Structures are given as C-alpha cells and as structure tokens.
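Okay, so here's the structure we're looking at.
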Amino acid sequence: MRNKVTALRLPKGGLKTISLNPNKKLILEEVERYDFLPVVLINGSEEPKNAIISTEECAINKLESLNLGGDYDNEYKNYKIANIVVTKNSIARIPLKIKRGYDPLGLQDEDGILEFRSSNGLAKLNYIDNDDTDYENDEGKYDLKDAEYGDEFVLEIDAKSIERGKTFTISVYASDDDDGWGKTSKRKEICGKFNVKVVEKDVFMEEEYKKGVEVNKVISRCG
C-alpha cells in the first residue's frame with residue numbers, strides 16, 4: 001500500500017479566483033476543477049526498449065496536438081502526441097509518468113483511475129510497476145485503479161498480431177475514484193495519447209538497435 005498525502009479537497013463549486021475590474025471591485029470567478037486531472041506523458045529520463053519514441057517536432061518528425069480543454073493549465077492544455085515505433089517480434093516497453101494537470105489551491109486528493117484504450121484490438125497492453133524499463137524478476141503489475149500524481153510506470157505493447165507498417169493510437173482516460181473524499185466526480189476525459197506504428201522490419205537488435213537509439217536522440221533534440 002503506497003503512502004498518500006491527502007488534505008482538503010476543492011470546494012463543491014470549484015476554485016474561486018479573484019480578479020480586479022477597472023473600478024477596483026473584487027470579482028469572484030468560478031473555475032470548474034475535478035479531483036483527478038492528470039496528464040500522462042512519456043518519461044524522457046528513461047530509455048524505451050524495443051521502440052523508438054519521438055517527442056519533439058522538427059522537419060523529419062511532425063507531431064499531432066490534442067487540446068485537453070480549459071480545465072488544464074496552459075503548460076499542458078496543448079498536448080503533443082508522441083510518435084512511437086515498436087517492433088513486431090519483441091514486446092516494447094514505454095516509460096510513462098503522471099503529472100498534475102493544474103496548479104491547485106492547497107493540497108488535494110492525489111489519486112484516481114486511468115484507462116488505456118487502443119484503436120487496434122490486436123494490440124496487447126500491459127502495465128508494469130517500475131520507474132524504469134529494465135527487466136526485473138520481482139516486478140509487479142501497475143494498478144491503473146490506484147494511479148497517483150508523480151507515479152512512473154511502464155507500458156508494454158505487444159504487437160505480434162498486427163501487420164507490419166500498420167498504425168494505431170493508444171488513448172488514456174482519467175476518472176475520479178470513490179475514496180471517501182467528498183463527492184466523487186463522474187467525469188472521464190482524455191489525458192494522454194500516443195501514435196504507434198509497427199516497424200516495417202525489426203531493426204532494434206544489436207548494432208541496428210544502437211542505430212535506432214541514436215535516431216531517437218537526434219529526433220528528441222531537433223526543434
């Protein structure tokens with residue numbers, strides 16, 4: 001059982017922000033917020049396995065964008081969708097992290113539920129409770145029903161049953177859990193997305209794998 005820091009949740013009506021109008025009268029503006037409003041991102045501090053991840057846009061790598069909506073801070077509102085190329089014959093390991101999508105007023109309920117949806121039903125997804133992509137004998141399964149801000153975990157993608165060259169998407173949705181901290185929100189919204197392609201030829205082995213890692217580093221630097 002992980003230790004969680006919890007405190008007062010947001011008022012029922014949401015945050016109240018104070019602004020000053022030209023006549024210098026205080027105005028209260030209601031901003032709707034929800035308990036669990038995460039952003040699921042690529043963990044750039046860890047290397048993937050059997051995959052190449054492109055997270056920065058440049059001439060050779062165009063990224064699609066996703067508008068997460070007005071509840072998110074500007075830093076995360078315009079979400080860049082990472083491009084991921086995975087092998088067919090080996091299971092890809094993608095390092096992920098969970099960030100809070102807004103700057104709260106005081107401490108809030110820190111956890112909730114994540115749901116991953118693949119546009120291709122043949123893709124098999126698995127979730128590893130590990131902050132890096134190294135293989136460990138005692139590694140356990142990451143519990144999507146107990147996701148928490150600050151968590152780092154691994155998404156495994158098994159594309160053995162998918163034709164080479166095929167593309168698909170993996171979308172991540174977040175919702176509040178019924179943990180007793182006031183009223184549970186019924187909201188379920190997208191909080192992450194990845195574009196995935198099964199490589200034409202499996203080149204992520206030995207010398208070719210090293211070459212693939214170098215390509216990833218170049219893509220990550222270009223802007």
Side-chain angles (χ1 to χ4, degrees), residues 1-46 53-57 63-82 94-117 127 129 131-132 142-155 170-194 220 223:
M1 184 73 178
R2 288 174 294 166
N3 294 324
K4 295 185 295 183
V5 178
T6 53
L8 294 177
R9 51 180 279 140
L10 293 175
K12 184 176 179 181
L15 284 173
K16 302 287 186 177
T17 61
I18 302 177
S19 62
L20 200 62
N21 69 3
N23 296 323
K24 297 185 179 181
K25 294 180 180 178
L26 290 178
I27 301 175
L28 288 178
E29 298 176 347
E30 185 170 337
V31 181
E32 291 296 332
R33 297 292 199 188
Y34 298 88
D35 280 349
F36 192 52
L37 199 70
V39 185
V40 178
L41 303 162
I42 297 294
N43 184 0
S45 63
E46 299 294 334
I53 302 175
S54 304
T55 58
E56 298 293 335
E57 189 168 35
L63 297 180
E64 296 179 8
S65 296
L66 176 68
N67 188 337
L68 294 181
D71 286 333
Y72 283 84
D73 286 350
N74 291 333
E75 179 183 359
Y76 298 116
K77 187 180 300 183
N78 186 32
Y79 180 95
K80 292 292 185 181
I81 303 173
I94 311 300
L96 300 179
K97 62 183 178 180
I98 303 175
K99 302 287 288 184
R100 188 193 299 269
Y102 66 99
D103 186 16
L105 179 63
L107 294 176
Q108 306 298 323
D109 188 358
E110 296 290 313
D111 62 355
I113 301 169
L114 293 181
E115 178 185 352
F116 284 68
R117 302 178 188 175
Y127 317 95
D129 190 9
D131 58 4
D132 59 51
Y142 181 76
D143 188 359
L144 296 179
K145 293 184 179 180
D146 191 26
E148 192 171 336
Y149 297 131
D151 279 358
E152 297 179 357
F153 64 102
V154 174
L155 166 65
I170 296 175
S171 300
V172 192
Y173 292 82
S175 57
D176 192 21
D177 58 357
D178 187 8
D179 58 4
W181 284 88
K183 184 178 179 181
T184 301
S185 171
K186 301 300 183 183
R187 176 184 189 270
K188 179 183 287 188
E189 296 292 344
I190 193 167
C191 64
K193 188 175 182 180
F194 310 104
S220 297

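In this text, all values refer to a predicted model and were calculated from it rather than measured experimentally.
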Rounded distance (nearest 0.5 Å) linking atom [atom1] of [X] with atom [atom2] of [Y]:
{"X": "Tyr72", "Y": "Asn78", "atom1": "OH", "atom2": "CG", "answer": "13.5 Å"}
{"X": "Tyr79", "Y": "Leu68", "atom1": "OH", "atom2": "CG", "answer": "7.5 Å"}
{"X": "Leu41", "Y": "Lys99", "atom1": "CG", "atom2": "NZ", "answer": "8.0 Å"}
{"X": "Thr55", "Y": "Ile81", "atom1": "OG1", "atom2": "CD1", "answer": "13.5 Å"}

Restricting to side chain to side chain contact (heavy atoms under 4.5 Å, CB included), what partner residues turn up for [X], sequence neighbours left out?
{"X": "Glu75", "answer": "none"}
{"X": "Asp132", "answer": "Glu46, Asn130, Asp134, Glu136"}
{"X": "Glu152", "answer": "Asn43, Lys97, Asp131"}
{"X": "Lys145", "answer": "Ile113, Asp143"}

So do the side chains of [X] and [Y] get within less than 4.5 Å of each other, counting heavy atoms only?
{"X": "Ile94", "Y": "Ile53", "value": "yes"}
{"X": "Pro38", "Y": "Ile98", "value": "yes"}
{"X": "Ser175", "Y": "Leu114", "value": "no"}
{"X": "Tyr142", "Y": "Asp151", "value": "yes"}

Kindly determine whether Cys191 and Val39 satisfy side-chain contact (heavy atoms from CB on, under 4.5 Å), including the steps that lead there. CA-CA 5 Å; Cys191 64; Val39 185; 5.7 Å; no
Can you name the residues that form a ring-ring contact (aromatic ring centres under 6.0 Å, His included) with Tyr173, not counting sequence neighbours? none
Not counting sequence neighbours, which residues clear ring-ring contact (aromatic ring centres under 6.0 Å, His included) with Tyr127? List them please. Phe116
Between the main-chain N or O of Ala147 and the side-chain N or O of Asp111, is there a donor-acceptor pair closer than 3.5 Å? no
Is the backbone of Leu37 close enough, under 3.5 Å, to the side chain of Tyr149 for a donor and an acceptor to pair up by distance? yes
Closer than 4.0 angstrom, basic N to acidic O: yes or no for Lys80 and Glu64?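 No, this pair does not count.
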What verdict does the side-chain contact (heavy atoms from CB on, under 4.5 Å) test give for Lys77 and Asn67, after you've listed the backbone C-alpha separation in whole Å, the side-chain angles of each residue and the deciding distance to 0.1 Å? CA-CA 6 Å; Lys77 187 180 300 183; Asn67 188 337; 3.5 Å; yes
Taking every non-hydrogen atom, the tightest pair across Leu96 and Phe194: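 That would be CD2-CZ, 3.7 Å.
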